[in-house]
2 protein chains.
Amino acid sequence: MERSEVVKLLQNHDITPTRQRIEIAAFLFQREQHLSAEKILAEVNLSSHRVSRATVYNTMGLFTSKGLVREVLIDRDRVFYDSNNTQHHHIYNVDTGELSDIENDRVSVAGLPELSDNVQIVGTEVIIKVSNL
Amino acid sequence: MERSEVVKLLQNHDITPTRQRIEIAAFLFQREQHLSAEKILAEVNLSSHRVSRATVYNTMGLFTSKGLVREVLIDRDRVFYDSNNTQHHHIYNVDTGELSDIENDRVSVAGLPELSDNVQIVGTEVIIKVSNL
DNA sequence: TTGGGTGCAAACTATTTGCATTCGA
DNA sequence: TCGAATGCAAATAGTTTGCACCCAA
């Protein structure tokens, strides 16, 4: 994704495209991946200009609330951000910590109970935990 | 659940029944609930003898590894321990933080991809996130 | 008795926050 | 210009750890 596309992506999501946000987004959307804030901080600062820790945290919080990325809460120790913003689920290897995607259209969840009148579903997450034999 | 049953439960799970572990287990299995370590620490110490913070954390880690309770990673800030040890799933209200169970036999997950030969499924977790209207 | 269990406090680490500075529009 | 964004460092909070003491078997 080139820079102008990244800028457009941010604007479409109602996010002011600052230098730091563009750099972080460009890195995230190189490919679909699962990254921690610290990893993002380290990788982004390898190339390009410097981005501070606080800005990475602020930015990832913003991206999440704007629907650009999804938080994946699987690891006790840190939040992972998923740059695959299509609907999908996860397979988590508890031995290796490896996290991979399952395309959504392969999986169906049936039999959910009726919800209370005053709530709506905002997301359905399926996590398959696997371990090595 | 009375004390002798708790002791039996621990022994069945290959856990040495110490005073602290018995107290923590007795509290957890009063009823099915979702509790943080700090909550467990506070509640257990309301009644009965004193249990230290480190022991609560150690004990919950042990109970988890022995399959007595399940960790629920939904809240960014803390781990919840689920004392419902039947297979089931969760509904999480992102507005209130309320976490409730869905009986497993109501829900079916279909269409999972083939796994690599060298892994096995150790758990399937479905989380329905809801928000207030 | 004796190795595992416990308690305390200090250490650790991901994340958040206060505030002064800088930047985008 | 000027409010929003950033950077830095300090603060926060859940969890882990080191180590001396204690207890279950």
Side-chain angles (χ1 to χ4, degrees), chain A residues 3-4 6-27 34-45 48-66 68-69 71-81 97 99, chain B residues 3-4 6-27 34-45 48-66 68-69 71-81 97 99:
Chain A
R3 187 191 159 93
S4 69
V6 173
V7 170
K8 218 168 287 179
L9 178 67
L10 295 180
Q11 289 173 333
N12 288 342
H13 285 263
D14 200 29
I15 297 169
T16 304
T18 65
R19 175 176 68 70
Q20 290 85 340
R21 289 170 181 177
I22 294 167
E23 276 165 21
I24 292 171
F27 171 69
H34 307 102
L35 297 161
S36 65
E38 289 297 323
K39 181 75 173 172
I40 295 166
L41 176 66
E43 294 290 329
V44 167
N45 283 334
S48 71
H49 299 273
R50 176 152 223 79
V51 176
S52 76
R53 171 168 285 102
T55 296
V56 170
Y57 278 97
N58 284 338
T59 299
M60 295 317 295
L62 179 67
F63 283 5
T64 300
S65 72
K66 296 297 186 178
L68 259 185
V69 298
E71 290 181 348
V72 183
L73 304 181
I74 287 191
D75 189 296
R76 298 167 55 91
D77 295 333
R78 82 203 95 244
V79 174
F80 282 95
Y81 294 96
L99 186 61
Chain B
R3 187 192 159 92
S4 67
V6 173
V7 170
K8 218 167 287 178
L9 178 68
L10 295 180
Q11 290 172 332
N12 288 343
H13 285 265
D14 199 30
I15 297 170
T16 305
T18 65
R19 175 176 67 71
Q20 290 86 338
R21 289 170 181 177
I22 293 166
E23 276 166 20
I24 292 171
F27 171 68
H34 307 103
L35 298 161
S36 65
E38 291 296 324
K39 182 75 173 171
I40 294 166
L41 176 65
E43 293 290 330
V44 168
N45 283 334
S48 70
H49 300 273
R50 176 153 221 79
V51 176
S52 74
R53 170 169 284 101
T55 296
V56 171
Y57 278 98
N58 285 338
T59 299
M60 296 315 295
L62 180 67
F63 284 5
T64 301
S65 71
K66 297 296 187 180
L68 260 185
V69 298
E71 290 181 348
V72 184
L73 305 181
I74 286 190
D75 189 296
R76 297 166 56 90
D77 296 333
R78 83 203 96 243
V79 175
F80 282 95
Y81 294 96
L99 185 63

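Note on naming: letters A, B, ... go to the chains in the order of the sequence lines (proteins, then strands), and numbering restarts at 1 for each one.
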Open item on the list: Angle between the end axes of the helix from C:dT1-D:dA25 to C:dA25-D:dT1, five pairs per end, to the nearest 10 degrees?
Closed with: 40°
Give every donor-acceptor pair under 3.5 Å between a side-chain atom in residues 71-78 of chain B and any protein atom, sequence neighbours left out.
unit_1	atom_1	unit_2	atom_2	d
B:E71	OE1	A:R76	NH1	3.4
B:E71	OE2	A:R76	NH1	2.3
B:D75	OD1	B:D77	N	2.6
B:R76	NH1	A:E71	OE1	3.3
B:R76	NH1	A:E71	OE2	2.3

Open item on the list: With salt bridge (Lys or Arg N to Asp or Glu O under 4.0 Å) as the rule and sequence neighbours excluded, what pairs involving residues 7-17 of chain B come up?
Closed with: B:D14-B:K66
Open item on the list: Please report the distance, rounded to the nearest Å, between CG in A:L10 and C1' in D:dA4.
Closed with: 15 Å
Taking side chain to side chain donor-acceptor pair (under 3.5 Å) as the definition, give me every residue that meets it alongside [X], ordered by chain and number, with sequence neighbours left out.
{"X": "B:K39", "value": "B:E43"}
{"X": "A:E38", "value": "A:R53, A:Y57"}
{"X": "A:Y81", "value": "none"}
{"X": "B:S52", "value": "B:T55"}

Open item on the list: Quick check on D:dG7: is either OP1 or OP2 less than 4.0 Å from any side-chain nitrogen or oxygen of A:T55?
Closed with: yes
TODO: Check step by step if side-chain contact (heavy atoms from CB on, under 4.5 Å) holds for B:L68 and B:L10.
DONE: CA-CA 8 Å; B:L68 260 185; B:L10 295 180; 3.6 Å; yes
Open item on the list: Quick check on A:R19: does its CZ atom have over 12 non-hydrogen neighbours (other residues, nucleotides or ligands) under 6.0 Å away?
Closed with: yes
TODO: Please report the C-alpha distance between B:M60 and B:V79 in whole Å, then the side-chain angles of each, then the deciding distance to 0.1 Å, and finally whether the side-chain contact (heavy atoms from CB on, under 4.5 Å) criterion is met.
DONE: CA-CA 10 Å; B:M60 296 315 295; B:V79 175; over 6 Å; no
Task: Inter-residue atom distance A:I40.CD1 - A:E23.CD, 0.5 Å rounding - done: 13.5 Å
Task: Start and end of chain B contact along DNA chain C [non-hydrogen atoms, under 4.0 Å] - done: C:dG5 to C:dT16
Task: Base versus backbone protein contacts along nucleotides 13-25 of chain D [heavy-atom cut-off under 4.0 Å; B, S, -] - done: -SBBB------SS
